[in-house]
Amino acid sequence: MADSLNLADVSIIEGGREYAPSRYTKEGVVGYGMFSEMNVTDITLPLSAVAVEEQAFSNCSRITSITMPAQATDILPSDGCPALRQIIVPEANDCFRSIDGILYDRNVTKIVWMPLGKTGAVELPPSVTSIGDYAFRGCTFSSFVMSNTVTEIGQAAFYGCRVEKV
């Protein structure tokens, strides 16, 4: 069992056999369920990947860190990763930014993915105006502070979220 998986130099190509029922690879896409239930603590995604679909890492109970590709223009959250503490995005990425392991859009106006393993107090930057679909799904932390600048909350943004104090 490997603890780290570095796929930086790997290319995801179109076609081949299904990797899950009715799931086939697409060029440059980390697909739905592609790394589901994987038993690693950290993963570096292919540098050439441009998208990470929802639930690409579903039920990865040991994963603590995901390093996204600099080329990614579309990233959606996964659930069932209770140990995930950080999502890392290279500075060269034009669409996303990571601050304290939390994934935001590049301008830090929208929160995209809150890692489930984040604990303690979470305070969103005042620049955040939008919370993405499923962004906090299943999160558990002691307190959560959001400024009055937030004007949009996505579908099921707080689904299954347990917070002691808001």
J.: Going through the checks in order, is the side-chain hydrogen bond (donor to acceptor under 3.5 Å, both in side chains) test met by Ser36 and Ser58?
T.: CA-CA 5 Å; Ser36 179; Ser58 65; 3.1 Å; yes
J.: Taking all non-hydrogen atoms of both residues into account, name the closest pair between Val108 and Pro125 and its distance.
T.: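 Closest approach of Val108 to Pro125: CG1-CG, 3.9 Å.
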J.: Regarding Arg23 and the six-membered ring of Tyr32, is the cationic atom NZ or CZ under 6.0 Å from the ring centre and inside 45° of its axis?
T.: yes
J.: Strictly by ring-ring contact (aromatic ring centres under 6.0 Å, His included), give each pair with a member in residues 45-86 just once, sequence neighbours left out.
T.: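 Found Phe35-Phe57.
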J.: For Leu116 versus Gly80, what's the shortest heavy-atom pair and its separation?
T.: CD1-N, 3.7 Å
J.: Could you give all pairs that pass the side-chain hydrogen bond (donor to acceptor under 3.5 Å, both in side chains) test and reach residues 155-166, with sequence neighbours left out?
T.: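 side-chain hydrogen bond (donor to acceptor under 3.5 Å, both in side chains) check on residues 155-166 returns Tyr134-Gln155.
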J.: At their closest point, which heavy atom of Cys60 faces which heavy atom of Met38, and how far apart are they?
T.: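 Result for this residue pair: SG-N, 3.5 Å.
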J.: Does a salt bridge link Lys110 with Glu152, judged by any charged N lying under 4.0 Å from a carboxylate O?
T.: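 Looking at Glu152 together with Lys110, the answer is no, because their closest N to O distance does not fall below 4.0 Å.
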J.: Looking at CZ of Arg106 and CG of Asn93, how far apart are the two atoms once the value is rounded to the nearest 0.5 Å?
T.: 7.0 Å
J.: Between Asn6 and Asp42, does the side chain to side chain contact (heavy atoms under 4.5 Å, CB included) criterion hold? Intermediate values first, please.
T.: CA-CA 8 Å; Asn6 187 338; Asp42 60 271; over 6 Å; no
J.: Taking Val128's backbone N and O only, do any of them form a donor-acceptor pair with Thr149's side chain (distance below 3.5 Å, no angle check)?
T.: yes
J.: With a 4.5 Å limit on heavy-atom distance, are the side chains of Val145 and Leu124 in contact?
T.: no
J.: May I ask you to say whether Glu37 pairs ionically with Arg62, meaning some side-chain N is under 4.0 Å from a carboxylate O?
T.: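 Result for this pair is no, no salt bridge flagged.
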J.: For residues 82-123, pull every pair meeting ring-ring contact (aromatic ring centres under 6.0 Å, His included), keeping only residues two or more places apart or in separate chains.
T.: none
J.: For Ser61 and Pro82, which heavy atoms make the closest approach, and how far apart are they?
T.: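 Distance-wise, the nearest heavy atoms are CA-CD, 3.9 Å.
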J.: Quick one: CD1 on Ile88 to CG on Leu103, what's the gap to the nearest 0.5 Å?
T.: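 Ile88 CD1 to Leu103 CG: 11.5 Å, rounded to 0.5 Å.
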J.: Can you find a pair of side-chain heavy atoms, one from Glu27 and one from Ile12, that are under 4.5 Å apart?
T.: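 Answer no - side chains too far apart.
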J.: Measure up the Phe158 and Phe136 rings against each other and bin them: parallel (under 30°), tilted (30 to 60°), perpendicular (over 60°).
T.: parallel
J.: Of all heavy-atom pairs between Asp133 and Pro77, which one has the smallest distance, and what is that distance?
T.: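 Where Asp133 meets Pro77 most closely, the heavy atoms are O-CG, 3.8 Å.
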